[in-house]
Structure formats: structure tokens, C-alpha cells
Amino acid sequence: GRGFAFRRKQKIERQYRRLLKKRRQVHPQQDDQFADTYPEHLKHLYLAEEEKLKKRRRTPEDSVSSEEKPNKAADGCGISGYVCLMILSVSRTCTFSSRSVGTQGKLKNKTSNQKAKEEYEKIKAERARKKEEAEKRKQQREEAQRLYKKKKMEAYKILSKKTKKGQPNLNLQVEYLLQKIQQNT
């Protein structure tokens, strides 16, 4: 069928063709890029790849027709062995790396579990933020109530003072009203 594996294969082939175009525009500086810089257990693959590249340079017309034929025996994912090896070799010489392609795909296509986790984290953060705001409002309200009660108590003490005979002290009440008027203006 034409499922996700087929689309992935097409994507890799497109990337490979783009890399081929870039390599044709920028001539490679080294012809022996596969020599002595790779591990021994993979060296035979790189040397075989070098031979294929030399043949391709001799006959550039054949490159397009042979790259579209997949070699399923070379790789289990259905990508031709030539494409995989070219991606590896180009990733060594260019700034492009095969790891970054994989991570870009993973970042774009998130699983439903990852999406659910992200939503959960957002909701959790929102709840924590709301809880903090409610706590701040509560503290401010309590502080305002405390100040209001303190002010009222001071006013009550001034207004409830009595003279020696038990009469209300009108001098203190008038002074209190004067202070209140001065504060408002």
C-alpha cells in the first residue's frame, strides 16, 4: 500500500535528490573522502560506495534512472541501499545530518499521548497560576480588612473618650473631624 512507510521512503528520496543537486553545484574538494576515516567494520561499505560514485561520475545520465529503483535486499525499511549510504556519506561532508531529519519529523508529528501530556501540563500550569492569583487576592483582602479594623478601632477610641464627669469629649471629636477633612483635601 501507500502507507506511512511509503511516504517516508519518498521523503528520503526527495531529500537525497536535493542533496545530489547541491553536490553538483558545489564540486567536492576531496575524491578520497572514504579513506581511513571510518571504522574498520564499515569501511567496506564506504569503499563500495566510492566505487559506485566513480561510476556515476562517468555516466551522469544513468543516475536518475537507477536511483529510483529500490533495492529492498539492502535495507529492511524499503529504502535503496544506495540512498542510505549516500545519506550517511553526505552527512559526514555537509552540515546536514541524518539525526536532525529524524528529530524534525518527530517534532512535527506528535503522538496522541504526547499531545495529551502537553495538554495536561498546560492545564496543570493554568490551575497552579489561578491558585496563586487566588492566594494573592486572599492575602490582599485580609490585609485590607486588618487595616480597616485598625483604623476603625483608632476612631472608636478617640470618639468614645469621656470627660471625668462621663460626658463625651467634644474637643477630641472635633479634632478628629478636622483631621479627616484635612486628609480628604
Side-chain angles (χ1 to χ4, degrees), residues 1-23 25-26 29 33 37-39 41-42 75-79 83-185:
R2 295 188 176 263
F4 71 94
F6 180 76
R7 286 193 297 266
R8 181 173 33 178
K9 176 184 168 188
Q10 283 185 329
K11 180 181 173 187
I12 291 173
E13 286 177 349
R14 266 188 261 117
Q15 289 173 346
Y16 168 68
R17 283 192 212 107
R18 276 193 226 131
L19 289 173
L20 275 181
K21 278 185 182 178
K22 285 182 182 177
R23 289 189 94 193
Q25 290 170 359
V26 178
Q29 297 168 352
Q33 62 183 358
T37 58
Y38 300 103
H41 67 284
L42 295 176
D75 192 11
C77 63
I79 302 168
V83 172
C84 287
L85 289 175
M86 273 308 297
I87 289 174
L88 284 174
S89 64
V90 170
S91 69
R92 296 274 182 159
T93 57
C94 300
T95 58
F96 171 84
S97 70
S98 58
R99 288 182 187 157
S100 64
V101 171
T103 55
Q104 286 174 353
K106 287 179 186 173
L107 290 176
K108 288 180 183 176
N109 302 327
K110 294 179 181 173
T111 63
S112 59
N113 188 27
Q114 288 172 329
K115 289 178 184 175
K117 281 183 182 177
E118 284 184 357
E119 274 187 50
Y120 173 72
E121 292 297 326
K122 285 180 184 176
I123 291 170
K124 195 175 177 183
E126 184 69 22
R127 285 179 183 164
R129 188 181 58 80
K130 284 183 180 179
K131 195 173 184 179
E132 275 185 31
E133 288 176 1
E135 190 68 30
K136 284 181 183 177
R137 283 195 305 267
K138 185 179 176 184
Q139 287 176 353
Q140 288 174 349
R141 188 171 54 245
E142 288 174 353
E143 182 68 20
Q145 285 177 345
R146 192 180 59 75
L147 289 174
Y148 175 77
K149 286 181 181 179
K150 183 180 176 184
K151 212 173 187 183
K152 277 286 185 188
M153 195 62 170
E154 288 174 0
Y156 175 76
K157 283 181 182 177
I158 292 173
L159 295 176
S160 65
K161 286 207 175 179
K162 310 280 183 190
T163 60
K164 290 180 183 176
K165 294 183 178 181
Q167 299 297 315
N169 193 340
L170 294 177
N171 287 336
L172 291 175
Q173 290 180 2
V174 170
E175 282 181 23
Y176 174 74
L177 289 173
L178 180 65
Q179 284 178 355
K180 204 172 181 184
I181 292 169
Q182 286 174 347
Q183 286 176 355
N184 287 341
T185 57

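Note that the structure is a prediction, hence the values are computed from the model and not measured.
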For this session: Please identify each residue that fulfils side chain to side chain donor-acceptor pair (under 3.5 Å) with Glu118, with sequence neighbours left out.
Result: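 With sequence neighbours excluded, Glu118 shows a side chain to side chain donor-acceptor pair (under 3.5 Å) to Lys110, given in chain and number order.
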Problem set entry | Any residue meeting side chain to side chain donor-acceptor pair (under 3.5 Å) with Glu126, in chain and number order, not counting sequence neighbours | Arg129
For this session: Using side chain to side chain contact (heavy atoms under 4.5 Å, CB included) as the criterion, list what pairs up with Thr111, not counting sequence neighbours.
Result: Asn113, Gln114
Sequence neighbours excluded and cut-off under 3.5 Å, please list the side-chain donor-acceptor pairs for residues 164-179, or say none.
residue, atom, partner, partner atom, Å
Asn169, OD1, Asn171, N, 3.3
Gln173, NE2, Leu159, O, 3.3

Problem set entry | Where at least one partner belongs to residues 143-159, residue pairs that pass side chain to side chain donor-acceptor pair (under 3.5 Å), sequence neighbours excluded | Glu143-Arg146
For this session: Carefully, step by step, assess Arg17 and Arg14 under the rule side chain to side chain contact (heavy atoms under 4.5 Å, CB included).
Result: CA-CA 5 Å; Arg17 283 192 212 107; Arg14 266 188 261 117; 4.1 Å; yes
Problem set entry | Residues which pass salt bridge (charged side-chain N to carboxylate O under 4.0 Å, His left out) with Glu142, listed by chain and number, not counting sequence neighbours | none
Exercise. For the atom pair CZ (Phe4) and NZ (Lys11), what is the distance rounded to the nearest 0.5 Å?
Worked result: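 Nearest 0.5 Å value for the CZ-NZ distance: 13.5 Å.
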